[in-house]
Amino acid sequence: QVEVAESGGGSVQAGESLRLSCLVSGKTWTVGGMAWYRRESGKERELVARITRGGVPREYADSVKGRFKISRDNDKNRVDLQMDNLRPEDSAVYYCYAAAAGLDYWGLGTQVTVST
């Protein structure tokens, strides 16, 4: 049983910070690339950032460059997203993605709301 669980979402004021975490647990021997996506209400899912198994960030969405940082801990099968200087347009449901053994795994999402 493989489970993907996000945490750390919440409601903040513009300019504040949040740190999202995603833990992959269960009977899996290899977790490859991981990523964070988000979906604003009424819009399609958007890639926020992705990271290789070796811990190399692959890309960031232009709108978050310089403000968000992705990192991972392979011993814990965990990927984090540090979000600084949040803006109202960052409000969305954030989803964790993980690849393992050629399969795609998704979390259920965590809500981030940024108020002016």
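For the numbers below, each heavy atom of this structure counts, side chains included, while hydrogens, waters and symmetry mates do not. What you are looking at is a predicted structure, and each value in this text was computed from that prediction instead of being measured.
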Stepwise side chain to side chain contact (heavy atoms under 4.5 Å, CB included) test for Met34 and Asn77: CA-CA 10 Å; Met34 304 180 79; Asn77 282 338; 5.8 Å; no
Other residues, nucleotides, ligands: >12 heavy atoms within 6.0 Å of Arg58 CZ: no
Cluster link Val64 to Val12, ILVMFWY, side chain under 4.5 Å: yes
Reported CG-to-CZ distance for the pair Leu20 and Arg38, which is rounded to 0.5 angstrom: 11.0 Å
Atom pair CD/OG1 of Gln13 and Thr113 - distance to nearest 0.5 Å: 11.0 Å
Residue Leu47 excluded, over 12 heavy atoms near CG under 6.0 Å: yes
Joint hydrophobic cluster, Val4 plus Leu103, side-chain heavy atoms closer than 4.5 Å: yes
Whether over 12 other heavy atoms sit under 6.0 Å from Glu89 CD: yes
Chi angles and distances behind the side chain to side chain contact (heavy atoms under 4.5 Å, CB included) call for Val79, Tyr97: CA-CA 9 Å; Val79 61; Tyr97 163 85; over 6 Å; no
Main-chain N/O of Gly109 paired with Glu6 side-chain donor or acceptor, under 3.5 Å: yes
Residues Asn74 and Arg72: side-chain donor-acceptor under 3.5 angstrom: yes
Single-linkage hydrophobic cluster, 4.5 Å side-chain cutoff, Phe68 and Val93 together: no
Centroid separation Trp106 to Tyr37 less than 6.0 Å: yes
CG on Leu18 to CD on Gln82, rounded to 0.5 Å: 8.5 Å
Audit row: Glu16, Leu86, side chain to side chain contact (heavy atoms under 4.5 Å, CB included) steps and yes/no: CA-CA 6 Å; Glu16 296 182 345; Leu86 283 161; 5.6 Å; no
Val112 with Tyr60, same ILVMFWY side-chain cluster at under 4.5 Å: yes
Contacts of Ser21 that satisfy side-chain hydrogen bond (donor to acceptor under 3.5 Å, both in side chains) - sequence neighbours left out: Arg78, Asp80
same_hphob_cluster(Leu23, Tyr94) at 4.5 Å side-chain heavy-atom cutoff: no
Glu46 side, atom CD; Glu44 side, atom CD - distance, nearest 0.5 Å: 8.5 Å
Closest non-hydrogen atom pair between Ala98 and Val31, with its separation: CB-CG1, 4.1 Å
Shortest non-hydrogen contact between Gln111 and Ala92, atoms and distance: NE2-O, 3.3 Å
Nearest atoms (heavy-atom pairs only) where Asn85 meets Gly15: ND2-CA, 3.7 Å
Geometric cation-pi criterion, Arg45 with Tyr95: 6.0 Å, 45°: yes
Separation between CE of Met83 and CZ of Arg19, rounded to the nearest 0.5 Å: 10.5 Å
Ion pair check, Asp62 and Lys65, cut-off under 4.0 Å: yes
